[in-house]
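Input: a single structure, listed below in structure tokens.
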Amino acid sequence: MTIRNVRDHGQRYRPRMACLKKMEALVVEMQDPKSGVKSQTQRLVITTIPHAITGEDIVAWVANRFNIDAREAQSIGTLMVAFGYVYPLQDHKRLIIKADTSLYRFQTPYFWPAQQWPAEDTDYAIYLAKRNIRKKGVLELHEQEHYNNLHKWMNHKWDFIVMQAKEQYRAGKERKKPDRVVFDCQERAYWVVHRPPPGTISAIDYGLDRLTDPSADEVKKKKTMDYYRRIVIFTQQCIMRSRVKSSVSLGAIVKYITTCKNHDPFLATCLPSNPWLTDDTTYWELNMPNVEIPTKMRVERWTFGFRELLSDPRGRADFRLFLKKEFSGENLAFWETCEDLKWGAAATMKEKAQQIYKTFLAPGAPRWINIDGKTMDITVKGLVHPHRYVLDAAQTHIYMLMKKDSFGRYMKSTVFKETQKKAISPEEHRFSDAQLEQNAKKRKPNLSPIVLRQWEEEEKARLAASGPMDITQLCKFTAPVPHLAVYTGICEAQLSHGRERLPPSPSFPALPNSAACPSPISVAIDSTPASERKFEGQGGSAAAQFPSIAEVPLEPRVSASARAPDDPQPASQKSRVALSLGRFLRRGCGNASVLASLSPKCHSAMGGRVQPLSREPISQPQPKRIANFFQIKVDIPPECRIYPIDSEDEENECTSGVRGTVKEIICPWESITKQDQAG
Amino acid sequence: MAHMDAKAADEGSGGSQKLLEEVKALVETLNKVVACYHQLSSCVGGSTDSVQLRHELRQTRERAQQLALDSQRLLTARLRDRSLAPPTRLEAELLWVSFSSSLELFHADMCKVFSVGQNFPLSSKTGVLVQTGMQGETARVTARALSLTEPDLNVASASVDRLEQGELEAEKDRVDQMIEDMEKRVNVLRWTVEAQGPQYAEPVGTSSSLALLSMMQAEPEQHRCKRGQMFVAALVASLAAVALFCLSVYCI
């Protein structure tokens, strides 16, 4: 039973098919005895059936009627057959018109396609059952499958279907033989159109069902006040919508096609060969995300636009390298972290947002990015109630910054030119037929996505490990650049190697107002060991790698034992670093030599690295601990403080956190709690 | 089923069983009429469309509606009777499903006939009909529907046509209403109804029309086959003749 009067918002109406009415008018015109198509009789073995027409007659008539050439007339004829207004008498499964003497016949109007009535499954089941009655086993494979499916889904009606099939069969027998043949042909043609065999393209295919019934009578609807009000609102919204001229949007499409046309593996020759056509996977291997040497075509794609560069992992890696050299890696890092926030899991979103703020946006942040005041306002306001898209404005700003500024420089840079020079252009394969067959035989399944994921993570870890060491060598205080946060090294755990997370090189948040608030820096230095941890987080996942000494239980991957022996040493080194740094920074301006001397020590001892923003997707941070941890904050003067969250906690931790952390084994949150208890 | 009913000291138990049988017969007849209507409606708008056809359609329709009303009355009464034993109830539900499905089919056919009839009105002077290749009459189908032994050969008058369309619309709405009423009055859970018949209907022997159809596909091969068959037959015959001859010679 078809369920009616269901007042839900399901889409169940077929769309308006305006072409059907036009086609019907055309077919009716063709019936005219004087000006229509000439008909012949079809001779079967024992009987003759009238009203058969040849394909060429149809095509000629259509060409004459519309004054068009034969090819177009043939396509119109094919449409007629595809929709089911005319059916072929021979080769009934191919719904095309052949402009020769092959015969066709008009379909009875009862079987014409209609927009209001789709071909029902019940009728199809009855039809298949009828065919089976006539002769068992005459159903084709796809029909058999349909039959079995329908039997399963319409089981309650099955008795009816079988009964009705028998009755229809018997009723059909009451007709004369030629009529019976014609009826059978008609029915068969109808179902070829409406239940096409697999692999054929159906003209009736219309995509999704619609929400409103196009054939419903609008007139009957009562025009109440409410109705008119809704119409008014609807039209007002239509006017307010932003519009783009079609010439503009089409121009964009044309531009895209002209630029990318040679890169499409199907439209242009794909080097070495299109794997889908030749079953040879060299192309995919050469274009893996983490391949060392990209192909020339790939590098060319990067020049098309900034988005192409970023969306290709290899391109992004290259860009990252360039930015490291330019010491503006935090932009890309920020952008990537924002992406992670947008697409990441909902559970850790709040924490991630906080960490991102503290790492990138807060004044005194280790990797401070340069966004304008208005965007910062919006972001800060939004962070009071963080959600997935809270950093969207800032991210867009940074994206445009990178696009307008860094991208251009990247294109002219040596990094890019090197990559371009090294890029390979593979030879085109020329397989013979025998080789193609062999390739087809040797097809093997793709790598498991789990394996790919593992590789991805190892790659990220490797990336984290190989952070830009050279940056810390340079003195950036002489050239006050706001994005100095890049120097705040944040070492990620070398999880794959089980290495100890190394403390970062000291942070030099050379804010423009550093002179005004020296205390943040000093406090920062003093609490470097703690603040190191602060710089950990880029996204909650990164924080998870924070293999702080006591974080053994949090770190499932790194063996505690491996870390334990290393613990005292880095701590002391850190403290050494902290002290020296503190001394250094209190002197005011940076001294290149001191820095230089400091950093190698740092590196040698601890291999301090700037934390590139690779995220660790698997290990999730323990939110509470991280939140606690990040409360060891630098004590910045009130005017600088715009932390939207946990602001009240900062004051408690700051002063107390300063003294104690230097000497102890660093367990930031534990130290905090101790100091909390103390203070 | 029957003994269960008999055990329950229900007075009308035997009567209810008979009633069910009666309803079953009604539903089967309705099925037959609907099938005939389906056959007839396929001719509308085609080359055999005529006033006679519309008349036949109307007759079939009337019969179907009459049957539908009767079955509906009886079945509703049956199903609303809560004292029905489960097996009878199941059977009644099965009948209900059959009945409602055939009504829906009938309603769909009526809608189609109505809309096609509107597009191909017989009364208009310039109206053309689609050349579908049909030639013969459908009187025998109607006779089957109306359960007459002899086809009814009175021809309806031409003025019937316009009246016909109006009536058809009214009848269509009436059947629609009937279906809705049915659903409201009786609550039959369709997913609990299980068909008892076979998945495949038994073949009723090879029909010649199917042979004709297949012949249309393979006409040239058919001739070749025939020739081949004749040749083989001739060969066998000649071999047999030779064998007989040898035997006779040997015997002698």
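Within every chain, numbering begins at 1; the chains are lettered A, B, ... in the order of the sequence lines, protein sequences first and strands thereafter.
Counting heavy-atom neighbours within 6.0 Å of A:Lys38 NZ, excluding the residue itself, gives a total above 12.
Here A:Gln144 is the residue among A:Met154, A:Gln144, A:Met30 with the most heavy-atom pairs under 4.5 Å with chain B. For the set B:Cys43, B:Ser98, B:Ser47, B:Gly45, the entry with the most heavy-atom pairs within less than 4.5 Å of chain A is B:Ser98. In terms of non-hydrogen atom pairs under 4.5 Å with chain A, the most contact-rich of B:Lys32, B:Gln39, B:Glu93 is B:Gln39. Each of B:Leu103, B:Asn119, B:Leu94, B:Leu105 has some count of heavy-atom pairs under 4.5 Å with chain A, and the biggest count is that of B:Leu105. With respect to chain B, the highest number of heavy-atom pairs below 4.5 Å among A:Ala171, A:Pro109, A:Pro33 belongs to A:Pro109. With chain B as partner, the option from A:Gln186, A:His151, A:Met163, A:Lys176 having the largest number of non-hydrogen pairs under 4.5 angstrom is A:His151. No other option in A:Val182, A:Asp123, A:Val162, A:Asp32 has as many heavy-atom pairs under 4.5 Å with chain B as A:Val182.
Only the backbone of A:Gln107 comes within contact range of chain B, judged by heavy atoms closer than 4.5 Å. Interface residue B:Val97: only side-chain heavy atoms are found under 4.5 Å from chain A. Using a 4.5 Å cut-off between heavy atoms, A:Ile53 makes no contact with chain B at all. If you measure heavy-atom distances from A:Asn148 to chain B, the contacts under 4.5 Å come from both the backbone and the side chain. When heavy atoms are compared at a cutoff of 4.5 Å, B:Val116 approaches chain A solely by way of its side chain, counted from C-beta outward. Of the two parts of A:Thr108, the backbone and the side chain both hold a non-hydrogen atom closer than 4.5 Å to a non-hydrogen atom of chain B. Both the backbone and the side chain of A:Trp158 come within contact range of chain B, with heavy atoms under 4.5 Å apart. For a residue to count as touching a neighbouring chain, one of its non-hydrogen atoms must lie under 4.5 Å from one of that chain's; by this rule B:Val113 does not touch chain A.
Looking at A:Arg14, its side chain does come within 3.5 Å of a backbone N or O of A:Ala114 through a donor-acceptor pair. Checking side-chain atoms of A:Arg105 against main-chain N and O of A:His51 turns up a donor-acceptor pair under 3.5 Å.
A donor and an acceptor atom, one from each side chain of B:Lys112 and B:Ser41, are nowhere located under 3.5 Å apart. A donor and an acceptor atom, one from each side chain of B:Glu62 and B:Gln66, are nowhere located under 3.5 Å apart.
Between A:Phe183 and B:His38, the ring planes lie perpendicular to each other; the angle is over 60°, past the 30° to 60° tilted range. Using bins of under 30°, 30° to 60° and over 60° for the plane-to-plane angle, the ring pair A:His194/A:Tyr190 lands in the tilted bin.
You'll find the side chain of A:Lys98 reaches within 4.5 Å of the side chain of A:Asp91, heavy atoms only.
Tested against B:Tyr37, the residues B:Gln59, B:Arg61, B:Arg63 include a single side-chain hydrogen bond (donor to acceptor under 3.5 Å, both in side chains) partner, B:Arg61.
Between the CG atom in B:Leu30 and the OG atom in B:Ser71 there is a gap of 5.5 Å [rounded to 0.5 Å].
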